[in-house]
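Have a look at the structure below before the remarks.
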Protein chains: 2
Amino acid sequence: MAKDTAQGAHRFRRTRRDHATEITHDYVEMIAKIEAMHGECRGSDLARQFAVSHVTVTKTVARLKKDGWVQTVPYGPLTLTAKGKRLAKTVRARHETVLAFLKAIGVSEETAEADTEGIEHHVSPETLRCFRRFLKQNKLSN
Amino acid sequence: MAKDTAQGAHRFRRTRRDHATEITHDYVEMIAKIEAMHGECRGSDLARQFAVSHVTVTKTVARLKKDGWVQTVPYGPLTLTAKGKRLAKTVRARHETVLAFLKAIGVSEETAEADTEGIEHHVSPETLRCFRRFLKQNKLSN
DNA sequence: GTACAAATTTAACCGAGGCTAAGTTAATGG
DNA sequence: CCATTAACTTAGCCTCGGTTAAATTTGTAC
Ligand SMILES: [Mn+2]
Ligand SMILES: [Mn+2]
Ligand SMILES: [Mn+2]
Ligand SMILES: [Mn+2]
């Protein structure tokens, strides 16, 4: 019994789980970034940055709010909750590490930025440690 | 004008495009693998390997068929088209390279296998070349 | 040849993440 | 103060990738 799934099946489950949290991670990261740059973040900023419609942003933000990552005031700016700020910090750190790593092995700036946007969500803590170790060994820690 | 999208927006578009082709890639890769191991591939094999229901497989296979990657006979095995076989080959090669690369920088077998399943879909040709170059330089080409 | 088990298909549903169109609110210039 | 514009919301639609339940086909054991 327990042979209804193959032994490698958990890897695909992992990938599906990564994708379920991906949008949340990108949003809190972006909100923090825009807040840092412009003082406040509006829905229209996110729509422009992600190249989606403002309606998509409205719906996604409603989910983020329900899940406790952001707070909103009607017709006002978006703000991260304490929990949202903590998540943004770890997500940003991971993003930076992946980006620095790709550049360290010779990937061009622009390609590295683009690939990182997808890769970051599938890098496990162990792999992230390996990336950091590589950067350290090559004296390119940031 | 043309300032309705930010300069970094194309990266998120890229990631969304990667995700749109991801299932197709995983399916053709898996079908080729199962064919190679057991002579033929059935829908139930895919359901077991991906840990999804057989209904999900039926629906996904219908799309793959519509797009010309696989052929089916009612209540019979799945087969790849010529186009499907070619895609499977390139997808498998990319998977192998990503996996070998992660192991080369010190990621454990199991973690490398899991991370690769997601990362492979976001690795651009340029980054793949960097991975291969790294493996070559470290005499670990496969 | 019949009964049963496994595989497959079909129908009906869900949530996430996209979209357009239309209505509402807020800010601002004259 | 009012008209315009920008931002935001609401309503309704789509596809994809999941689900369960029920019907059908196929292969096989007896
Ligand atoms: Mn991202
Ligand atoms: Mn992905
Ligand atoms: Mn994969
Ligand atoms: Mn793969």
Side-chain angles (χ1 to χ4, degrees), chain A residues 1 3-6 9-10 12-28 30-31 34 38-67 69-79 117-118 121, chain B residues 1 3-5 9-10 12-28 30-31 34 38 40-67 69-79 117-118 121:
Chain A
M1 53 177 25
K3 197 54 188 62
D4 55 333
T5 60
H10 65 279
F12 295 98
R13 283 210 162 99
R14 232 288 304 275
T15 302
R16 289 195 291 268
R17 205 172 53 234
D18 291 343
H19 285 154
T21 54
E22 170 158 351
I23 299 278
T24 297
H25 290 182
D26 282 342
Y27 269 61
V28 298
M30 186 61 82
I31 291 168
I34 293 173
H38 301 103
E40 68 172 29
C41 176
R42 314 291 301 212
S44 54
D45 296 324
L46 295 176
R48 199 174 339 102
Q49 291 295 323
F50 292 132
V52 298
S53 78
H54 52 286
V55 182
T56 297
V57 170
T58 297
K59 282 211 310 182
T60 301
V61 166
R63 183 169 57 80
L64 297 190
K65 190 178 173 182
K66 173 175 70 66
D67 294 342
W69 304 112
V70 305
Q71 284 170 334
T72 65
V73 300
Y75 296 92
L78 309 173
T79 53
E117 210 49 74
H121 309 283
Chain B
M1 51 179 27
K3 199 53 190 55
D4 55 333
T5 60
H10 65 280
F12 295 97
R13 285 211 161 98
R14 231 289 301 277
T15 302
R16 290 195 291 268
R17 204 173 53 232
D18 291 344
H19 286 155
T21 54
E22 170 158 352
I23 300 277
T24 297
H25 290 182
D26 282 342
Y27 268 62
V28 298
M30 186 61 80
I31 292 168
I34 292 173
H38 300 104
E40 68 171 29
C41 176
R42 314 291 299 212
S44 55
D45 296 323
L46 295 176
R48 198 174 340 100
Q49 291 295 324
F50 292 131
V52 298
S53 77
H54 51 286
V55 182
T56 297
V57 170
T58 298
K59 285 208 310 182
T60 301
V61 166
R63 184 169 57 81
L64 296 190
K65 190 178 173 182
K66 173 174 71 65
D67 294 342
W69 305 111
V70 306
Q71 285 170 333
T72 65
V73 301
Y75 295 92
L78 309 173
T79 52
E117 210 49 75
H121 309 284

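Here is how names work: the chains are called A, B, and so on, in the same order as the sequence lines, proteins then strands, and each is numbered from 1.
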How close or far is atom [atom2] of [N] from atom [atom1] of [X], stated in whole angstroms?
X: Asp18(B); N: dC16(D); atom1: CG; atom2: P; answer: 17 Å
X: Glu40(B); N: dT26(D); atom1: CD; atom2: C1'; answer: 13 Å
X: Lys65(B); N: dT8(C); atom1: NZ; atom2: C1'; answer: 13 Å
X: Arg42(B); N: dT25(D); atom1: CZ; atom2: P; answer: 16 Å

Counterpart residues, ring-ring contact (aromatic ring centres under 6.0 Å, His included), relative to Tyr27(A) (two or more places apart): Phe50(A)

Residues 17-26 of chain B vs salt bridge (Lys or Arg N to Asp or Glu O under 4.0 Å), sequence neighbours excluded, gives Arg14(B)-Asp18(B)

In 5'-to-3' order, the base (B), backbone-only (S) or no-contact (-) status of each nucleotide in nucleotides 16-23 of chain C, using a 4.0 angstrom heavy-atom cut-off, is SBBBBB--

Result block: side-chain N/O donor-acceptor pairs under 3.5 angstrom for residues 57-64 of chain A, not counting sequence neighbours:
residue  : atom : partner  : partner atom : Å
Thr58(A) : OG1  : His54(A) : O            : 3.1
Thr60(A) : OG1  : Thr56(A) : O            : 3.0
Arg63(A) : NH1  : Thr24(A) : OG1          : 3.4

Counting C-beta onward and ignoring hydrogens, is there a side-chain heavy-atom pair between Lys65(A) and Trp69(A) closer than 4.5 Å? no

Go through the structure and list residues passing side chain to side chain donor-acceptor pair (under 3.5 Å) with His10(B), not counting sequence neighbours.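 His10(B): side chain to side chain donor-acceptor pair (under 3.5 Å) contacts with Glu110(A).
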
Under the side chain to side chain donor-acceptor pair (under 3.5 Å) rule, collect the residues that match up with Gln71(A), sequence neighbours excluded. none

Please give the angle, rounded to 10 degrees, between the axes at the start and the end of the helix from dG1(C)-dC30(D) to dG30(C)-dC1(D), where five pairs define each axis. 0°

Who passes side-chain contact (heavy atoms from CB on, under 4.5 Å) against Ala20(A), sequence neighbours left out?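 By the side-chain contact (heavy atoms from CB on, under 4.5 Å) rule, Ala20(A) matches no residue at all.
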
Under the side-chain contact (heavy atoms from CB on, under 4.5 Å) rule, collect the residues that match up with Thr21(A), sequence neighbours excluded. His25(A)

Pick base, sugar-phosphate or nothing for Ser44(A), based on heavy-atom distances below 4.0 Å to the nucleic acid. sugar-phosphate

